[in-house]
Amino acid sequence: MAGLQERTRFEPGEVEPRIARRWLESGLHHPDPDGTPEENYSIAIPPPNVTGTLHMGHALNGSIQDCLIRWARGEGRRAKWILGTDHAGIATQTQVEKLLRSEGTSREELGREAFVQRVWRWREEYGGQIVEQLKRLGASCDYDDERFTMDEAYAAAVQRVFCDLHDQGLIYRDNYLVNWDPGSGSAISDLEVEQREGVRDTLFHIRYSDEVVVATVRPETMLADTAVAVHPDDERHRHLVGTTVTLPLVGRELPVIADEHVDPAFGTGCLKITPGHDPNDFEIGRRHGLAEIGVIGEDGLMTPAAGRFAGMTVERAREAIVAELDAQGLIVAREEHIHTVPFSHRSGRRIEPLISLQWFMRMDELAGPAIEAVTSGRIAIHPESQSRRYVEWLESIRPWCVSRQLWWGHQLPVWYRDDETYVGTTPPAGDGWERDPDVLDTWFSSGLWPFATLGWPDATPELRAFYPTDVLSTARDILFLWVARMVMLGLRFTEQVPFEHVYVHSVIQAPDGRRMSKSLGTGIDPLDVIDEHGADAVRFGLLAMSSTQDVRYSPEKVRQGQALANKLFNAARLILATADGELAAPRPTTVEDRWILSRLERARADAAARIAEFDFAKLALGLYDFVYGELCDWYLELIKGRERDAELSATLLFVLRETLLLAHPVMPFVTEEIWQHVGGRGPDEGLLARARRGPAIPELVDERAEAEVGRLIETVRAVRAWREDNGVRDVLVAREDGLGEVRDAVARLARLEWGEPDGELVVVGGLEIGAPEVDAAEVARAREAERGRLRSEVARAEGKLANEGFVAKAPAAVVEAEREKLERLRAELEAL
RNA sequence: GGGCGGUUAGCUCAGCUGGUCAGAGCGCCUGCCUUACAAGCAGGAGGUCACUGGUUCGAACCCAGUACCGCCCACCA
């Protein structure tokens with residue numbers, strides 16, 4: 001390893017692989033399962049899809065979680081970041097099917113068993129890339145204990161939960177209208193449906209009888225109509241209720257029913273009821289006991305129930321039906337209709353609602369406790385505004401369709417024989433049983449994530465030590481899809497909340513405000529950015545960008561992080577070149593020592609507060625401010641002229657150590673690299689990642705030192721600004737004015753000599769400075785400008801104080817402050 | 001159709017329960033190779049805080065409305 005002094009720049013490309021290897025070899029990320037969940041710290045990573053690669057969202061969330069985990073380690077806690085990947089049913093199956101197609105074969109050709117084996121093989125080969133990519137980010141997950149939602153033990157937990165819920169009557173099989181996704185050839189849950197706005201369709205007005213004209217954008221579904229509905233209060237149609245109309249093309253008699261759902265103002269006020277292919281109509285149908293006819297099959301073709309249209313595709317059938325209706329003159333109007341239409345989130349295909357025999361999970365009984373966990377505060381959601389969304393969603397929760405017509409996933413532990421159904425974790429005895437081919441919704445298995453990863457249902461040491469977990473950090477879009485379900489299942493099966501805090505982070509948008517997405521070409525690959533700027537820079541940048549609301553990606557923040565890493569590196573070089581000796585308690589001997597220790601103490605307290613409130617942007621930016629604005633700009637400049645002694649060394653090394661520890665959760669690589677060059681580390685402190693932050697020392701906060709150095713800073717700045725304005729570079733003579741301990745420092749930084757100034761006298765930053773070479777007229781003009789500024793400020797303050805309302809109603813302290821300000825301004829004006 | 005959030009310097013964003021709150025980083029301008037860092041240092045310019053009313057002694061901050069932008073939820077054919 002090269003010495004620190006030979007390099008003037010922090011080179012992430014050289015340092016990161018070396019440091020990452022040391023961390024991995026050290027085993028620091030794999031804590032022993034000792035102690036209690038209260039004293040330990042754990043986070044279960046939102047398991048990325050096995051097919052996935054690292055995107056900005058992962059990088060942000062990884063930075064957040066690693067920051068929390070490393071912060072906890074710095075407290076000396078056993079910290080476990082539970083790692084694993086999700087088998088991601090539809091996504092993975094789709095990916096492998098695509099591969100098969102390119103090989104000229106297909107899932108069907110292979111058959112189920114071979115296909116599933118093929119997916120496993122695919123996973124061996126290509127899966128889990130993302131885990132390697134997390135290492136690049138510096139994420140200190142527990143790589144020694146990686147899980148997969150299809151692992152044997154995990155699968156057993158899934159089956160167990162399914163069977164238990166079935167035995168408890170919460171899981172049942174039913175014919176129900178589901179969201180059929182023609183893309184994946186499976187039912188999907190409500191949450192996987194995206195309501196797309198602004199879809200243009202033709203609304204056909206079709207005459208069913210002299211008095212009944214209905215409107216629909218899906219004429220082909222008329223074949224499945226089983227009623228016509230009108231609003232019960234609709235005067236125009238009330239007399240029709242109880243009569244029937246004849247369904248054109250089919251000849252079926254349809255009862256006219258009355259239902260509140262019908263909007264009398266829409267179209268003619270008559271609504272065709274198609275329980276088999278429309279969610280609303282399905283509800284109405286169930287209310288009125290109507291027959292449920294399915295004319296569109298799961299294969300996307302018209303079913304035998306469609307009569308002479310059977311076998312046609314939906315599109316063909318529509319054309320044929322419209323043509324026949326036209327021929328009979330039954331289409332009375334066509335108009336363009338713009339409305340919202342459901343699409344599959346997975347495949348992007350338009351949802352085909354149809355009735356299907358599926359497995360469902362009743363949620364009402366589970367929702368209550370999950371709501372209570374949040375309203376009672378046992379689970380805190382950050383930002384708080386998200387908890388209302390969570391509660392409202394749970395309050396109106398509907399049954400969850402958990403079966404999927406896929407091959408890749410947890411196959412249902414269900415067997416059928418004739419009319420018998422068997423549900424159990426082991427196959428039934430006897431012959432003739434056939435297993436249900438369906439698999440479970442991926443979110444069913446990931447709903448068990450925080451405890452199934454730790455070995456549940458067995459009472460493992462890991463479960464005892466790390467469950468419940470502390471924090472669950474995630475993006476907003478899976479609050480319902482995943483987080484709510486973990487809470488429900490966690491409470492049901494472990495009788496504990498699965499985590500105490502939910503942090504909902506922002507979504508990073510593309511710089512132009514669009515979504516970052518591969519298909520839009522707006523994605524930015526975090527690995528590219530790591531290559532270019534380093535992992536510390538990316539972590540800092542993403543944290544600094546993060547917010548409670550969505551933010552645009554800003555490369556400047558990453559560069560700011562890179563600058564900070566470099567700054568830390570160089571500050572360390574200076575400190576280590578200046579200080580010798582060992583790490584020790586600080587023994588401040590000067591005002592600047594007391595000042596930096598005071599500022600450091602505040603920075604540490606501030607960082608702790610930011611972590612506690614999940615404010616990562618302020619954590620990162622606060623760190624930047626401390627390192628740049630205080631440590632480097634002032635303290636390190638102040639000690640440059642100073643004689644080296646043991647006391648200075650002690651303070652420098654103390655400040656360095658605590659600053660590194662403070663910055664480490666945000667920028668682990670550069671801080672670890674520096675640490676390796678600090679002498680006199682303790683026996684357990686070979687790695688910064690393992691070292692413990694020193695305890696808070698409130699006594700280090702020193703208001704007097706802060707005031708004195710504050711005065712110094714103000715004075716130096718004023719003199720520098722004045723020099724710039726007047727183009728004066730020479731050393732100047734100034735009359736010393738009660739600067740006390742900081743007089744020499746001011747003189748050095750402002751390039752002054754104390755003495756009796758002669759020539760033109762200027763007052764700068766409260767000092768009288770002799771400025772021989774300055775143009776007197778120029779000085780006078782500057783002085784006049786300053787006078788003008790002060791006068792207007794004085795006038796403003798006077799006006800305020802002359803205002804009776806202000807003096808009478810404003811708090812005394814505010815009025816007093818205004819008076820003092822006025823005094824000060826007047827004094828300054830006087831001095832000029 | 002409901003609900004939520006946003007609109008502050010050229011850009012990306014901070015500004016807590018109203019009273020030095022008009023800020024930061026980047027960009028821009030000026031001057032510096034000052035022996036940790038030129039990926040640096042010092043200094044500077046730049047904003048009617050979306051708009052319109054209101055409340056208040058006082059509003060970027062509170063209230064109402066308007067205009068854009070974004071997100072979530074929703075069964076109107």
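We name chains A, B, ... by the order of the sequence lines, and we start the count at 1 in each one.
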> Assign a letter to each nucleotide of nucleotides 21-32 of chain B from its 5' end: B, base within under 4.0 Å of a protein heavy atom; S, sugar-phosphate only; -, no contact.
----SS----SS
> Reckon A:His339 touches a base, only the sugar-phosphate, or nothing at all at heavy-atom distances under 4.0 Å?
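Sugar-phosphate contact only.
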> Where the side chain of A:Arg552 is concerned, which of B:rC13, B:rG3, B:rA74 is the nearest nucleotide?
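Ranking B:rC13, B:rG3, B:rA74 by closest atom to the A:Arg552 side chain puts B:rC13 first.
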> Could you give the CD-to-C1' distance, from A:Gln386 to B:rC4, as a whole number of Å?
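After rounding, the gap between these two atoms is 9 Å.
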> Does A:Cys270 reach a base, just sugar-phosphate, or nothing at all? Heavy atoms under 4.0 Å.
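Here A:Cys270 touches no strand at all.
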> Holding to salt bridge (charged side-chain N to carboxylate O under 4.0 Å, His left out), I want the full list of residues that pass it with A:Glu194, two or more places apart in sequence or in another chain.
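Partners of A:Glu194 by the salt bridge (charged side-chain N to carboxylate O under 4.0 Å, His left out) criterion, ordered by chain and then number, come out as A:Arg196.
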> Roughly how many Å apart are B:rA59 and B:rG54, using the C1' atom of each and rounding to a whole number?
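The same atom, C1', in both gives a distance of 11 Å.
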> Counting runs of three or more consecutive pairs, Watson-Crick or G-U wobble, with each distance below 3.5 Å, where are the stems of RNA chain B?
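So far as stems of 3 or more pairs are concerned, RNA chain B shows B:1-7 with B:67-73, B:10-13 with B:23-26, B:28-32 with B:40-44, B:50-54 with B:62-66.
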> If you measure from the P atom in B:rA50 to the same atom in B:rU12, how many Å do you get, rounded?
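Looking at atom P only, B:rA50 and B:rU12 are 15 Å apart.
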> What are the two closest non-hydrogen atoms of A:Thr202 and A:Arg334, and how far apart are they?
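Heavy-atom minimum between the residues: CG2-CB, 4.1 Å.
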> Does A:Arg388 reach a base, just sugar-phosphate, or nothing at all? Heavy atoms under 4.0 Å.
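Sugar-phosphate, no base atom in range.
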> In whole Å, measure the gap between the C1' atoms of B:rU52 and B:rA14 for me.
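So the two C1' atoms sit 27 Å from each other.
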> Evaluate whether atom CD of A:Glu613 has more than 12 neighbouring non-hydrogen atoms of other residues, nucleotides or ligands under 6.0 angstrom away.
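Count over threshold, so yes.
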> Under 4.0 Å between any heavy atoms, over every strand shown, what does A:Arg218 touch: base, sugar-phosphate, or nothing? Just pick one.
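Answer is nothing: A:Arg218 stays at 4.0 Å or more from every strand.
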> Scan side-chain atoms only and decide if A:Lys272 and A:Thr221 contain a donor-acceptor pair under the 3.5 Å cut-off.
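Result is yes, a qualifying pair exists.
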